[in-house]
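Worth knowing before you read on, the calculation uses all heavy atoms, side chains too, and leaves out hydrogens, waters and symmetry mates. This structure is a prediction, so every number in the text was calculated from the model and none was measured.
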Protein chains: 2
Amino acid sequence: MKNKLPPPTVKRLSLYLRAFEGLDHRGVTHISSKGLSEILEIPDTQIRKGLSFIGKTGRRGKGYPVRDLIQRIREILGLKSYIPIILVGVGNLGTALLASKLMKQRGFRIVGAFDVDVSKIGKKFCDVRIQDDSKIPEFVKEYGIKLAILTTPGEAAQHTAEILVSAGISGILNFTPENLSVPPYVKVHNVDFTIEMEFLNYLVNSEDLE
Amino acid sequence: MKNKLPPPTVKRLSLYLRAFEGLDHRGVTHISSKGLSEILEIPDTQIRKGLSFIGKTGRRGKGYPVRDLIQRIREILGLKSYIPIILVGVGNLGTALLASKLMKQRGFRIVGAFDVDVSKIGKKFCDVRIQDDSKIPEFVKEYGIKLAILTTPGEAAQHTAEILVSAGISGILNFTPENLSVPPYVKVHNVDFTIEMEFLNYLVNSEDLE
DNA sequence: TAGATTGTTAATCGATTAACAATC
DNA sequence: TAGATTGTTAATCGATTAACAATC
């Protein structure tokens, strides 16, 4: 996995994977870049380029073998049928993610949930017992967890991130609006609805005045 | 608003805005691109370039006036202190967004919530009464709503999007994994946690094998 | 074989970064 | 004025798109 893929390509591979899974489910065995292009509204040339990064995966004249590509992309993205993750901060959003079927469908299983609110600790949501933050290091080590979802309030974010880092977490999906400061070997990926909403608002407004 | 800004710049303007607001709150009146660069871990040259798109907003030798920039960026992004939006699909995620203080803090007010589940209709969450989807067109027209959050199950997404479009909605923040098909004058912006999670997983895995 | 479609090279486009003259 | 920092131009980088020979 030395040759790093362009980040936009990585995100599109996730999209292709979903499409291929859908096609496989419907019994389609091969699809051309043109066909996939029509489904996803992505240029066929971009699809071919992206798929060529992961090897010669297609067959000229025939298209791409759906089953094989599912395997190959999953491999490239490091996906396994079961990827254990933890979630810290069981507020409204945390609870929603805990209950989300989407994460589970994609193989991400929230096996531990943590909060500092004593009124929540010990309770169970969606089969996951909520534990105190102080239990994070032990849990992460015991289950070999690499990834964490951070859904605490902003004020607790940096402090909690530090707990995660020292517990040995390698990647944080950060739903808080805070800029986390972590060592370079820990990857943080920010998800901020409000920025997406502001972006959409801009799109809509700038369109108006064209 | 003719000169379209580069999309990555638009997203960063949202980030700058948050930083400026924080600085203003702490009584800081001016900040240099270098100073902001350290706070946000974004190259100073990128900050200057981005801010130059929205006019000559800084003062050489002194930096950028925080208050003025807040005004200017809000104007460019089309932000108002109150932007009414609706939410369709009051499941776990929908409820979490309804309860989210973050959206409210950024000026986005969910003034209407819709679902098809009769057991939910008529109930109130966070001061918002849940109505049947059939009430969308009337509501959108009455309150002049432009933006909608779509948090229905995937199977209902396309159908619901069509209701939104015919109701006159101009922008949809799509939290479903579906590829919505809408007329070109309607903007859709997709938010997909699972793709972000897969991206993070890739980052962590490809780092391992470097 | 003929037709379809990949895989790849080269061209283009767009965004980031470097550098520095302008100027507060 | 001298020092700091912007605003902008040019260089670089990286991703997208076009084009087409290779080949199934």
Output field dot_bracket for DNA chain D (Watson-Crick or G-U, both distances under 3.5 Å, | for other-strand pairs) contains ..||||||||||||||||||||||
Comparing nearest nucleotides in DNA chain C, the 5'-proximal residue of the pair Pro6(B), Lys49(A) is Lys49(A)
Check: So, Ser14(A) and Arg106(A): side-chain donor and acceptor under 3.5 Å apart, yes or no?
Finding: no
Heavy atoms from other residues, nucleotides or ligands near NZ of Lys104(A) exceed 12 (cutoff 6.0 Å): no
inquiry  = Applying a 4.0 Å non-hydrogen cut-off, can you work out what Arg59(A) is touching in the nucleic acid: base, sugar-phosphate, or nothing?
reply    = sugar-phosphate
- Please indicate whether Arg67(A) has more than 12 foreign heavy atoms, meaning atoms of other residues, nucleotides or ligands, lying under 6.0 Å from its CZ. no
Ring center gap for Phe175(A) and Phe193(B) short of 6.0 angstrom: yes
*What is the nucleic acid contact for Lys34(B), judged by heavy atoms within less than 4.0 Å: base, sugar-phosphate only, or nothing?*
nothing
Check every strand shown and say whether Thr45(B) touches a base, only sugar-phosphate, or nothing at a heavy-atom separation below 4.0 Å. base
So the contacted stretch of DNA chain C, first to last nucleotide with an atom under 4.0 Å from a non-hydrogen atom of chain B, runs from dA15(C) to dC24(C)
Q. Between Phe114(B) and Phe139(B), is the ring centre distance below 6.0 Å?
A. yes
Heavy-atom nearest nucleotide on DNA chain D taken for Arg48(B) and for Pro7(A); more 5' hit belongs to Arg48(B)
**Message:** I'd like to know whether the aromatic ring centres of His189(B) and Phe199(A) sit less than 6.0 Å apart in this structure.
**Reply:** yes
* Does one side chain, of Arg48(B) or Ser33(B), offer a donor that lies under 3.5 Å from an acceptor on the other? -> yes
Within a radius of less than 6.0 Å around CD of Glu162(B), do more than 12 heavy atoms belonging to other residues, nucleotides or ligands occur? yes
Per nearest nucleotide of DNA chain C, the residue lying toward the 5' end, Lys62(A) or Lys56(A), is Lys62(A)
